[in-house]
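All values below were derived from every heavy atom in this structure, side-chain atoms included, with hydrogens, water molecules and symmetry-related copies excluded.
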Amino acid sequence: MSILPVVVIIFILSWVGLSPLKVNDYWLLLIGTVVLIIGLALFQIGASSGLTKVGEYMGSSLSKQSNVWIIILFAFILGTLITCAEPSIMIVSTQVSIPKWILVGAIAVGVGIFVALGVVRILLHRSLKVWYLFLYAIVFMLLCLIENGQFLPFIFDAGGITTGSATVPFILALGAGVATVRGGKNATKDSFGLVGIASIGPILTMTLLIVFYQSGFQDYVYNSPVMNNQDVFGQFVKALFPSSSTSFGSLIEVAMALAPILIVFFIYNALYIRLPKGKIFKLLVGFLYSYIGLVLFLTAVSAVMNPMGTYIGEQLALQPTFVIILICLILGLVTILCEPAVHVLTGQIEAISEGRIKKVTVLLVLSVGVGLAIMLAGIRAIYGFSIMYYIVPGYALSLALMFVCNDTYTAIAFDSGGTASGPMSVSFILPMIIGLTVGLGNGDRIYELAFGVIGLIAMTPVIGIQLLGVYEKAKAYRSLLFMRAHKYEEDDAQIIHF
């Protein structure tokens, strides 16, 4: 149900002649779809019994620590290491001309710092809205230091790709664990918001990286996709095993990402938690599932979804403007269904809100928001204007809505923004917008015009969910007025003494 909508749209686009595929392309797409489904399913199983459990165990344990520096240290370390295992970051690191481990390291450190800050906020009972205002004020002040505006879109993409199918379950579990053990009347409300705070970290660290290390950002090297490749099996082998000094293949890269998480957790477990052997074994099995699933998923993304997305973008560039905009909107409406982290978040929202906030309602709002985001990205690729015309009013509206929306909806909204932009958006939508930009004759402005779509996907749900919160608040107020406006009979105001 998550993968097939995008695949069906690719088939339809081919059949109506908008992006025609050949026989080998169909085989590649079918095999890739099967591998994607198996990989994502295994990864989700492993995440629930591996990465999420690490978040739960450490969240509940850290909140009991009397030494706040131990809390900060391990929250930072785990937040950093989990981010290195995020599929979206692995995918984007192969699509840009920035040195891979510098890019991953900057994003991961940003997440680690802000996860630690978010945990401290929960422990200290501080207002989430005040923190959002303060942190985003710092972000926009630092953006003024950037001289070369072509990298601005990628800065906001960095915040969007951070929180996906690996980090979201962990961060949600960590926040819920800390809030539950800490207790208090705001425990449920404080269990949200940590994902939204974690998303700000990479925006800050990437801004600083561009300010002080802009020489490391080389011009974008565009590789046109080779479609109708006769060696379908070879496409997967190339993605699976090391092929150069810069590409280790998904087998090795996933192992390098997951191993440090286990090592740090075992150290912490030996010092503080001391889980029984049965739970340790289940945890290891979960990580094994995560490893196999993530390897299969990234292999299929590299071999199939990236080149397919780029090719479709190139073909869309040949169509009339209204067709491009319409296809971008439709793809956005269904892409949100393909993000596993969204299903984790919406399920937890429905459970914690005791059914008041329905999963279907949140999914519908997110779908419309992401559809508009990708449509706006397509419009920007066509007309070639700065992303700041979207970002500045978008975040101004997001922050303004906090003052008329209750705290729970605000926290959920910023968490939703982080989870809406996951591996499927990065592996298919971003390459499609890159291909569209090149097809429209702007191949020398890819950083400036194609990137930023992930940042928009992360921003529009924040507005949508808060508007939903305002609607619910107005609905409750209207019901209250209705109850107060009933008519009194003549004797209704009598005082009756018993």
Side-chain angles (χ1 to χ4, degrees), residues 36 80 82-111 150-168 198-199 201-203 205-207 209-210 216-223 225 239 246-250 253-254 256-257 294 297-310 313 335 338-341 370 373-374 377 387 417-435 437 446-459:
L36 275 175
T80 301
I82 291 284
T83 306
C84 294
E86 176 54 51
S88 300
I89 296 175
M90 293 184 176
I91 295 167
V92 166
S93 66
T94 64
Q95 296 175 341
V96 296
S97 51
I98 305 167
K100 183 169 186 176
W101 294 110
I102 292 178
L103 172 67
V104 174
I107 293 174
V109 167
V111 174
Q150 69 168 324
F151 296 116
L152 281 173
F154 183 73
I155 289 175
F156 290 96
D157 280 351
I161 64 176
T162 300
T163 46
S165 47
T167 50
V168 166
S199 301
I203 298 177
T205 52
M206 287 304 301
T207 302
L209 186 65
I210 290 172
F217 286 65
Q218 304 161 3
D219 292 334
Y220 190 90
V221 179
Y222 178 75
N223 296 314
T246 56
S247 176
F248 296 107
S250 55
E253 287 180 350
V254 174
M256 292 170 64
L294 196 50
F297 182 83
L298 291 177
T299 300
V301 163
S302 179
V304 182
M305 298 309 289
N306 272 350
M308 198 69 72
T310 307
T335 297
C338 305
E339 299 298 356
V370 173
I374 297 176
I387 195 173
T419 57
S421 50
M424 286 305 294
S425 299
V426 172
S427 64
F428 181 76
I429 298 298
L430 178 57
M432 186 191 78
I433 300 296
I434 290 174
T437 303
I446 290 177
Y447 272 126
E448 184 181 352
L449 297 181
F451 285 91
V453 59
I454 306 300
L456 292 177
I457 291 174
M459 181 185 73

Of all heavy-atom pairs between [X] and [Y], which one has the smallest distance, and what is that distance?
| X | Y | answer |
| --- | --- | --- |
| Met206 | Phe154 | CE-CE2, 3.4 Å |
| Ala450 | Leu430 | O-CD1, 4.0 Å |
| Ile89 | Ile107 | CD1-CG2, 3.6 Å |
| Thr205 | Ala106 | OG1-O, 3.0 Å |
| Val111 | Pro202 | CG2-CG, 3.6 Å |
| Pro153 | Glu448 | CG-O, 3.4 Å |

statement: Rounded to the nearest 0.5 Å, the CG atom of Asp157 sits from the OH atom of Tyr447 at a distance of 11.0 Å
Interatomic distance, Phe156 atom CZ to Ile454 atom CD1 [nearest 0.5 angstrom]: 14.5 Å
query: Would you say Thr310's side chain and Asn306's backbone share a donor-acceptor pair under 3.5 angstrom?
result: yes
message: For Ile429 and Ile374: C-alpha separation, side-chain torsions, deciding distance, then whether side-chain contact (heavy atoms from CB on, under 4.5 Å) applies.
response: CA-CA 8 Å; Ile429 298 298; Ile374 297 176; 3.8 Å; yes
field: Side-chain touch Phe451/Leu152, heavy atoms, less than 4.5 angstrom
entry: no
